[in-house]
There are 2 protein chains.
Amino acid sequence: MTELDITTEAQIIQAARKVFLVKGFEGARMQEIADEAGINKALLHYYFRSKEKLFQSIFQEAFQRFIPSLYDVMLSERTLPEKLDLIIDRYQELLFENPYLPQFILQEVNRNPECLKTMFQKFGVQPSTFISFLEKEMTKEGITHITPQHLLVNILSLNIFPFAAKPILSIILFNNNKDEYLEFMKERKEYIKLFIHNALFKS
Amino acid sequence: MTELDITTEAQIIQAARKVFLVKGFEGARMQEIADEAGINKALLHYYFRSKEKLFQSIFQEAFQRFIPSLYDVMLSERTLPEKLDLIIDRYQELLFENPYLPQFILQEVNRNPECLKTMFQKFGVQPSTFISFLEKEMTKEGITHITPQHLLVNILSLNIFPFAAKPILSIILFNNNKDEYLEFMKERKEYIKLFIHNALFKS
DNA sequence: GTCTATATGGCGATAGAC
DNA sequence: GTCTATCGCCATATAGAC
């Protein structure tokens, strides 16, 4: 475990992240990852035994990013409207920094659905806890026209889908003009907040 | 072009649809499609020259289904709330019949973004037309707190995302209980309508 | 049109020198 | 630890008999 080892492993991880996130497991090639890392294919198998193993470490790292934002916001001392706004802020920030994350995770969970349970167990995630907290807050606010499950799915949908569908929406809305789509996504945060706020509290 | 030809080609199409929709282009195997169709691998290449060609015909067929619902509803003589409800009804019906469509299209458009322009040209689709109509209706109703682009993306997100994210949501919400998730998706239609209605018209 | 057999290439993985 | 060379497999695609 010299300095050099660490550097090489880090280079591999970085390269693997870049390739896997864009191409997915099936689409990615070990050769491409090696090239991206500036090393040889054989070295990939030296550090990680197989493509699957290398992929798992990237997937786990990616998956972790989706979890923590929700919990600590929900547990904080704020009103529900404030919490929702904060969750949207955090999610949009995360997604802007990792725009390929949604499609990457969707694709690979479809390929291997069992991996999800493993992840949840590994990180001690209890989604039902989050639902319970949301439910309590909604009762407090007198919101009865929607269930916490549907509200959660609505929040996730409005935030995540436009990133997963970027190529489609970019064409549909702006004839593939990248700048206009970026501008659209940046302003979108406030529109999501307003949309959810109106749907919940204007009754 | 005898009876037998047509039957075989239809069998291939049906088998290819089944395999490609679930596995995607990279994940699908010609052998699996041949087995599913009850024929030999070589016959696939006899009818369609290559895997890519066979895939394209399946993708085109799948893509077509997403288009027409929106147009004729938007052009009909109804109020905006009625139109929105009808669009949601149509989309949910389409998605229940083809639950793999969202992830299939997302995955393959990411793999080959250029194919979208081809599709739009092929079918003479002008997304800007739809946005214009939506904008006109929104002005008529005095809706100014959201742009037609964001409203369209919200509608698509709320409808499509839960199908693309089925394995994830099924675990998060119901600990992988299929029946509960199905029930959730069936009741969801009305929650989407209510959510959008409140967000737009309760001001 | 449909089959069997085979060509062809690419990819993950390993052996072995340094 | 890092490289070159190569193995072994599997998937697409083709040749050719029937």
Side-chain angles (χ1 to χ4, degrees), chain A residues 1-62 104 107-108 110-112 114-115, chain B residues 1-62 104 107-108 110-112 114-115:
Chain A
M1 275 283 184
T2 71
E3 279 281 335
L4 216 68
D5 295 336
I6 297 166
T7 302
T8 303
E9 188 167 338
Q11 275 175 327
I12 293 177
I13 292 277
Q14 192 177 347
R17 190 185 299 134
K18 195 167 171 180
V19 175
F20 276 135
L21 273 168
V22 176
K23 306 265 177 97
F25 179 81
E26 312 265 20
R29 298 288 164 249
M30 294 296 266
Q31 185 61 59
E32 192 179 351
I33 296 175
D35 292 347
E36 183 71 36
I39 53 143
N40 192 278
K41 243 198 324 179
L43 215 46
L44 295 180
H45 290 89
Y46 175 79
Y47 279 94
F48 303 82
R49 273 196 3 233
S50 66
K51 182 184 183 183
E52 187 66 43
K53 289 263 195 295
L54 177 55
F55 178 80
Q56 282 306 324
S57 79
I58 300 298
F59 182 81
Q60 182 174 319
E61 169 195 273
F104 173 71
Q107 189 168 328
E108 299 312 320
N110 267 37
R111 192 177 69 92
N112 176 22
E114 303 93 50
C115 75
Chain B
M1 276 283 184
T2 72
E3 278 282 332
L4 216 66
D5 296 334
I6 297 169
T7 302
T8 302
E9 186 168 337
Q11 275 175 328
I12 293 177
I13 291 277
Q14 194 177 344
R17 191 186 298 133
K18 196 167 170 180
V19 175
F20 276 135
L21 272 170
V22 176
K23 307 265 178 99
F25 179 81
E26 313 265 18
R29 298 287 163 252
M30 294 296 266
Q31 184 62 57
E32 192 178 351
I33 295 174
D35 292 347
E36 183 72 36
I39 54 143
N40 191 278
K41 248 193 324 178
L43 259 192
L44 296 180
H45 289 88
Y46 176 80
Y47 281 93
F48 303 82
R49 272 193 6 233
S50 68
K51 183 185 183 183
E52 186 67 41
K53 288 264 196 296
L54 176 55
F55 178 81
Q56 282 306 323
S57 81
I58 300 298
F59 182 81
Q60 183 174 317
E61 169 195 273
F104 173 71
Q107 190 169 328
E108 301 310 321
N110 268 36
R111 193 179 67 92
N112 175 22
E114 302 92 50
C115 76

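We name chains A, B, ... by the order of the sequence lines, and we start the count at 1 in each one.
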So CZ of A/Arg17 and CZ of A/Phe59: to nearest 0.5 Å the spacing works out to 15.0 Å

In whole angstroms, how far is the [atom2] atom of [N] from the [atom1] atom of [X]?
| X | N | atom1 | atom2 | answer |
| --- | --- | --- | --- | --- |
| A/Phe55 | C/dC11 | CZ | P | 18 Å |
| B/Leu44 | C/dT2 | CG | P | 11 Å |
| A/Lys23 | C/dG12 | NZ | P | 12 Å |
| A/Leu54 | C/dC11 | CG | P | 16 Å |

Tell me whether the NZ or CZ atom of B/Arg111 lies within the 45° cone about the ring axis of B/Phe104 and under 6.0 Å from its centre. no

Would A/Gln31 and A/Asp35 count as a side-chain hydrogen bond (donor to acceptor under 3.5 Å, both in side chains) here? Give the steps. CA-CA 6 Å; A/Gln31 185 61 59; A/Asp35 292 347; 3.0 Å; yes

State whether B/Glu26 and A/Lys23 are salt-bridged, where the test is any N-O pair (Lys NZ or Arg NE/NH1/NH2 against Asp/Glu carboxylate O) under 4.0 Å.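 Salt bridge flag = no for A/Lys23 with B/Glu26.
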
Before giving the answer on side-chain contact (heavy atoms from CB on, under 4.5 Å), spell out for B/Lys51 and B/Phe20 the whole-Å C-alpha distance, their side-chain angles and the decisive distance to 0.1 Å. CA-CA 10 Å; B/Lys51 183 185 183 183; B/Phe20 276 135; 4.2 Å; yes

Within-4.5 Å side-chain heavy-atom neighbours: A/Gln56 and A/Phe48: no

Within less than 4.0 Å of OP1 or OP2 of C/dT2, is there a side-chain N or O belonging to B/Thr8? yes

Per-nt protein contacts along nucleotides 3-18 of chain D (heavy atom under 4.0 Å; B base, S backbone sugar-phosphate only, - none) come out as BB------SBBBB---

